[in-house]
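Keep in mind the model is a prediction, meaning the values are calculated, not measured. As the structure lists them, so they are numbered: ligands from 1, and atoms in each ligand from 1.
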Amino acid sequence: MDFSWTSDQVELRARARKVAEEAVDRYGRANDSWINGFSREFSRELAAHGWIGMTWPVEFGGGGRPPIERLIVAEEMISAGAPLAASWFADRQMGPTLMTYGSPEQVGELLPRILSGETTWCIGMSEPEAGSDLAALKTRAERDGDDFVINGQKIWTSFGEVADYCYLICRTSTEGPPHAGISEIVVPMDTPGIEVRPIKDMTTNRHFCEVFYTDVRVPATNLVGVEGAAFKQTMRQLEHERGGIDRLVSNRALYLTALARADRRDPIVRQEIARLETGYRLGRLLVTREVLGQGPTGFSAATKCFCTEHEWDVAQFVARVLGPEATLWDPLVQGLTYAPGYTIMGGTSNVMRNILGERTLGLPREPSPRT
Ligand SMILES: Cc1cc2nc3c(=O)[nH]c(=O)nc-3n(C[C@H](O)[C@H](O)[C@H](O)COP(=O)(O)OP(=O)(O)OC[C@H]3O[C@@H](n4cnc5c(N)ncnc54)[C@H](O)[C@@H]3O)c2cc1C
């Protein structure tokens with residue numbers, strides 16, 4: 001078996017690296033650049049290279065390229081710290097979700113503007129009382145003639161302040177068990193009744209927002225998929241979110257900064273580097289298997305768990321190598337203090353382990369009674 005990259009892949013990587021480095025020169029280097037590096041201008045540049053929707057089928061306007069090519073481009077972009085955030089959510093999950101569940105009108109209207117890098121999307125999923133337990137969500141969309149009228153509150157909505165559209169997960173019925181009655185609706189963020197309150201976190205980032213919906217009226221045709229039966233759609237969407245290279249490489253730039261300064265004669269430092277390099281390679285194999293569609297069902301939870309815990313280990317290494325210096329330079333402090341988020345966003349590691357145990361390994365949900 002040949003594990004080496006093809007000459008086309010090597011050439012693509014070199015091209016992506018050059019574009020990423022030029023972007024960093026122009027826009028600065030962002031830590032965790034797929035969520036913290038925001039530039040609409042760079043989104044349009046990515047689109048011009050064919051690097052948004054590059055794996056989407058050609059009939060949807062995508063590039064029809066193999067998933068491994070997207071992995072290569074994204075790895076280079078995020079490792080360098082190039083600002084991907086304005087198009088990342090839409091490229092990673094809104095587009096694929098709309099291709100699977102959207103109406104022909106939604107596909108025709110929304111996908112071209114994602115592919116051209118014009119639109120930014122946010123995801124309205126979490127609520128103050130519904131994070132890991134998403135089925136507890138209360139934001140309500142009620143049918144009124146040809147419209148839905150939405151009331152409720154979301155929290156941790158990344159890019160709520162700047163997004164053009166929200167992919168909203170809400171409740172259209174309170175009948176039946178909590179997982180029933182959940183629907184997905186596309187909400188233009190300029191609709192009257194939406195109030196966005198940005199949250200500046202301790203790392204100085206402000207992508208998080210609280211979003212309040214008061215009598216927000218959107219056409220019923222904005223419903224994606226089946227009314228009241230979207231829980232499965234949402235779980236499918238989260239699969240797009242969990243097994244990708246962005247979960248491994250977020251703080252690679254920080255690692256490379258620390259690596260250049262690490263005392264490699266110190267045996268403990270050498271051990272740590274060996275462990276992290278091994279972890280990175282293992283993570284990349286897991287991600288590669290995901291993007292090639294070769295992982296068992298639900299295994300993206302394990303990939304997300306392993307890769308984000310690697311990112312946490314990287315942050316610990318950076319803090320140890322740089323010591324007090326890490327507190328003197330803003331980008332380092334920012335990168336380090338952001339690290340607890342890796343194993344929370346997109347589903348916490350505890351929840352990932354539950355999914356792995358129950359869905360992939362088939363373990364019992366409750367401990368068996370002793371006999
Ligand atoms: C950087 C970042 C970006 C985010 N962006 C978005 C976004 O754009 N849109 C959006 O909707 N949300 C977003 N989130 C929110 C994220 O999805 C939630 O924080 C996450 O799902 C956890 O929910 P919670 O914060 O309510 O914690 P909780 O669900 O309250 O969990 C608290 C603790 O309890 C544990 N726990 C909970 N349930 C179980 C269980 N069944 N078994 C074992 N342990 C359990 C958890 O592991 C955790 O340790 C973002 C979060 C972060 C950190």
Exercise for the section: Give the contacting part of F208 toward ligand 1: side chain, backbone, both or neither, where contact means a heavy-atom distance below 4.0 Å. Expected result: side chain
Practice task
Considering heavy atoms of the protein only, find what lies nearest to atom 37 (C) of ligand 1 and give residue, atom and distance to 0.1 Å.
Solution key: S132 OG, 3.5 Å
Practice task
Go through the structure and list residues passing ring pair (Phe, Tyr, Trp, His ring centres under 6.0 Å) with F60, not counting sequence neighbours.
Solution key: none
Exercise for the section: Give the residue and atom name of whichever protein heavy atom lies nearest to atom 15 (C) of ligand 1, and the separation in Å to one decimal. Expected result: S126 OG, 3.3 Å
Handout entry: Backbone N/O of I268 and side chain of D266: donor-acceptor pair under 3.5 Å
Key = yes
Fill in the blank from the handout: atom 19 (O) of ligand 1: closest protein heavy atom, distance to 0.1 Å, is I344 CG2, 3.5 Å
Exercise for the section: Over 60° means perpendicular and under 30° means parallel, so classify the ring planes of H207 and F159, tilted if in between. Expected result: tilted
Handout entry: Check: G53 main-chain N/O paired with D91 side-chain donor or acceptor under 3.5 Å
Key = yes
Handout entry: Main-chain N/O of V186 paired with N222 side-chain donor or acceptor, under 3.5 Å
Key = yes
Completion exercise
Sorted by chain and number, sequence neighbours left out, salt bridge (Lys or Arg N to Asp or Glu O under 4.0 Å) with R359 holds for none
Practice task
For atom 32 (C) of ligand 1, decide whether some protein heavy-atom distance is shorter than 4.0 Å.
Solution key: no
Exercise for the section: Have a look at ligand 1 and work out which part of T348, if any, has a heavy atom under 4.0 Å from it: side chain, backbone, both or neither. Expected result: side chain
Completion exercise
In this structure, atom 26 (O) of ligand 1 is nearest to the protein heavy atom G131 CA, 3.3 Å
Exercise for the section: Determine whether any heavy atom of F159 lies closer than 4.0 Å to an atom of ligand 1. Expected result: no
Exercise for the section: Find all atoms of ligand 1 within a distance of less than 4.0 Å from any non-hydrogen atom belonging to I123, and give their numbers and elements. Expected result: 7 (C), 8 (O), 9 (N), 10 (C), 11 (O)
Problem - Protein contact of atom 52 (C) of ligand 1 - nearest heavy atom, named by residue and atom, plus distance - result: M345 CB, 3.3 Å
Practice task
Name the orientation class of the two ring planes belonging to W51 and H49 (parallel below 30°, tilted from 30 to 60°, perpendicular beyond 60°).
Solution key: parallel
Completion exercise
In this structure, atom 42 (N) of ligand 1 is nearest to the protein heavy atom N354 ND2, 2.9 Å
Exercise for the section: Report yes or no: is the cationic atom of R289 (NZ for Lys, CZ for Arg) under 6.0 Å from the centre of the six-membered ring of F299, at an angle within 45° of the ring normal? Expected result: yes
Practice task
Among all protein heavy atoms, pick the one closest to atom 49 (O) of ligand 1 and tell me residue, atom and distance.
Solution key: N350 ND2, 3.7 Å
Problem - Salt-bridge contact E76-R15 (side-chain N to carboxylate O under 4.0 Å) - result: no
Completion exercise
Under 4.0 Å from one or more heavy atoms of S158, ligand 1 contributes atoms 3 (C), 4 (C), 5 (N), 6 (C), 7 (C), 8 (O)
Exercise for the section: Just jot down the ligand 1 atoms closer than 4.0 angstrom to any heavy atom of M125, in number order. Expected result: 11 (O)
Handout entry: Any donor-acceptor pair under 3.5 Å from R284 side chain to L286 backbone
Key = no
Problem - atom 7 (C) of ligand 1 - nearest protein heavy atom and its distance - result: W156 O, 2.9 Å
Completion exercise
Near Y338 (heavy-atom distance under 4.0 Å), the atoms of ligand 1 are 1 (C)
Practice task
Report the part of Y342 in contact with ligand 1, treating N, CA, C, O as backbone and CB onward as side chain, heavy atoms under 4.0 Å; options are side chain, backbone, both, neither.
Solution key: neither
Problem - Lys NZ or Arg CZ of R70 over W88 ring: under 6.0 Å, within 45° - result: yes
